Protein chains: 2
Amino acid sequence: MRIGELSRRTGVPTRLLRYYEEQDLLHPERADNGYRAYGEAAVRDVQQIRGLLDSGLTTEMIRTILPYLSAPEEILLPPQHLTPETAALLEAHVDRIQARIDCLARNRDRLSGYLAAVRAEAGRP
Amino acid sequence: MRIGELSRRTGVPTRLLRYYEEQDLLHPERADNGYRAYGEAAVRDVQQIRGLLDSGLTTEMIRTILPYLSAPEEILLPPQHLTPETAALLEAHVDRIQARIDCLARNRDRLSGYLAAVRAEAGRP
DNA sequence: CCTTGCCTTCACACTGATGTGAAGGTCCGA
DNA sequence: TCGGACCTTCACATCAGTGTGAAGGCAAGG
């Protein structure tokens, strides 16, 4: 599919799809006339990228981990391509992600705890 | 305490402490000579702000939720200051935070699942 | 053939978070 | 009284993620 259709199907402006390619997150083929040609998988990839960007990851982090995320459990990348250095890097990323999760969960709890307290107060004044 | 000490105790450059004030996240007193005067609580506040920024929240989101986070469960803000609109806004923020958590947790699982698979493969070739 | 709509690259601009430095006021200890 | 360490504001610079528009190539339909 071409960039316009991918944009419509994902809700992401073509400008950003080109930017993600420039950032090495997407790798569409090219038709003879130079048009970008995306496969079906690109839809999921783009949604994945958006989710991670919205969650505060940088394009650099996403570029690193994306190859190990695109496959839904079955089509794992051959592990021979995974040097110990890369594995360590991925583990570091897992740790950073975990730290974010912890921070967010902690504050979500505080926030919703506060809201619950206020509601209880309001119901029984 | 003055800005230099707060910077040393939190590891956050003074430039950023001034920026957070400009963004209405910190509200230090001023001494007669114009120097910023921070209370002890500022240390926790700054760490809170850093954690949330590192977790991908914007200063705007942080500005909104910070008043409801600074207190560690006991010193809740009086609920009469909480209009229904504000409550709704806070709930929306909770939802956004939850969405981030879900996205991050999902991808953390994929990533660490992949790493585990590779390790299993390596241990039993 | 010409219009319409899609595509291409290039480029300028904004915002948010940050780095860095200049120019100057304050305070304390030698 | 001077020097150094601190503080002040102001301002320009950078990076990432976007918006926006110009200038032009390609394709399909009336």
Side-chain angles (χ1 to χ4, degrees), chain A residues 1-39 42-43 45-66 93 96-97 99-100 103-104, chain B residues 1-39 42-43 45-66 93 96-97 99-100 103-104:
Chain A
M1 99 195 68
R2 283 174 299 174
I3 200 171
E5 185 182 347
L6 182 59
S7 173
R8 276 185 295 274
R9 287 176 60 181
T10 58
V12 176
T14 60
R15 170 68 177 87
L16 289 188
L17 297 176
R18 297 198 181 94
Y19 174 69
Y20 297 154
E21 179 179 357
E22 187 187 316
Q23 295 301 307
D24 217 39
L25 303 180
L26 294 175
H27 312 91
E29 306 286 308
R30 291 291 180 139
D32 292 350
N33 53 14
Y35 289 11
R36 290 167 177 82
Y38 296 91
V43 177
D45 285 350
V46 169
Q47 286 161 344
Q48 182 74 274
I49 292 169
R50 289 299 326 174
L52 292 171
L53 276 179
D54 289 347
S55 301
L57 273 61
T58 65
T59 52
E60 195 209 350
M61 289 186 69
I62 299 175
R63 174 168 46 250
T64 305
I65 66 176
L66 197 56
H93 277 301
R96 293 191 58 184
I97 291 172
R100 279 163 142 87
C103 178
L104 292 174
Chain B
M1 101 195 68
R2 283 173 301 173
I3 199 171
E5 185 181 346
L6 183 58
S7 172
R8 276 186 296 274
R9 287 175 61 182
T10 58
V12 176
T14 59
R15 170 68 176 87
L16 290 188
L17 296 176
R18 296 198 181 95
Y19 175 69
Y20 298 154
E21 179 179 356
E22 187 187 316
Q23 294 301 307
D24 218 41
L25 303 180
L26 294 175
H27 311 90
E29 306 288 307
R30 292 291 180 139
D32 292 350
N33 54 14
Y35 289 11
R36 289 166 178 82
Y38 296 91
V43 177
D45 285 350
V46 170
Q47 286 161 345
Q48 182 74 272
I49 292 168
R50 288 299 327 172
L52 293 171
L53 277 178
D54 289 346
S55 302
L57 273 63
T58 64
T59 52
E60 195 209 349
M61 287 185 70
I62 299 175
R63 174 169 46 252
T64 305
I65 66 176
L66 197 57
H93 277 301
R96 293 190 57 183
I97 291 172
R100 278 161 141 87
C103 178
L104 291 174

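Chain A is the first sequence line, chain B the second, and so forth, proteins listed ahead of strands; every chain is numbered from 1. Since the model is a prediction, treat every value here as computed from it, not as a measurement.
- By the neighbour-count criterion of 12 heavy atoms within 6.0 Å, atom CZ of Arg63(B) is densely surrounded, having more than that number from other residues, nucleotides or ligands.
- Note that OG1 of Thr10(A) and CZ of Arg50(A) are 9.0 Å apart. Values are rounded to the nearest 0.5 Å.
- At most 12 heavy atoms of other shown residues, nucleotides or ligands fall within 6.0 angstrom of atom CD in Glu60(A).
- Here Asp24(A) contributes atom CG and Ile62(A) contributes atom CD1; the two are 12.5 Å apart, rounded to the nearest 0.5 Å.
- In terms of position along DNA chain C, the nucleotide closest to Glu60(B) lies nearer the 5' end than the nucleotide closest to the other residue of the pair Arg2(B) and Glu60(B).
- In the region residues 6-30 of chain A, proximity to DNA chain C at under 4.0 angstrom, judged on heavy atoms, holds for Arg15(A), Arg18(A), Arg30(A).
- Whole-Å rounding puts the Arg50(B) CZ to dA17(C) P distance at 10 Å.
- Between Arg30(B) and Glu21(B) there is a salt bridge, since a side-chain N of the basic residue sits under 4.0 Å from a carboxylate O of the acidic one.
- Taking 4.0 Å as the cutoff to heavy atoms of chain B, we find the contact window on DNA chain D bounded by dC6(D) to dA11(D).
- At distances below 3.5 Å, at least one donor-acceptor pair connects side-chain atoms of Ser55(B) with backbone N or O atoms of Gly51(B).
- Per the geometry, CZ belonging to Arg36(B) stands 15 Å off P belonging to dT26(C), to the nearest Å.
- The number of heavy-atom neighbours closer than 6.0 Å to CZ of Arg18(B), taken from other residues, nucleotides and ligands shown, is above 12.
- Surrounding CD of Gln47(B) are more than 12 heavy atoms belonging to other residues, nucleotides or ligands, all under 6.0 Å away.
- The CE-P distance, from Met1(A) to dC7(C), rounds to 12 Å in whole Å.
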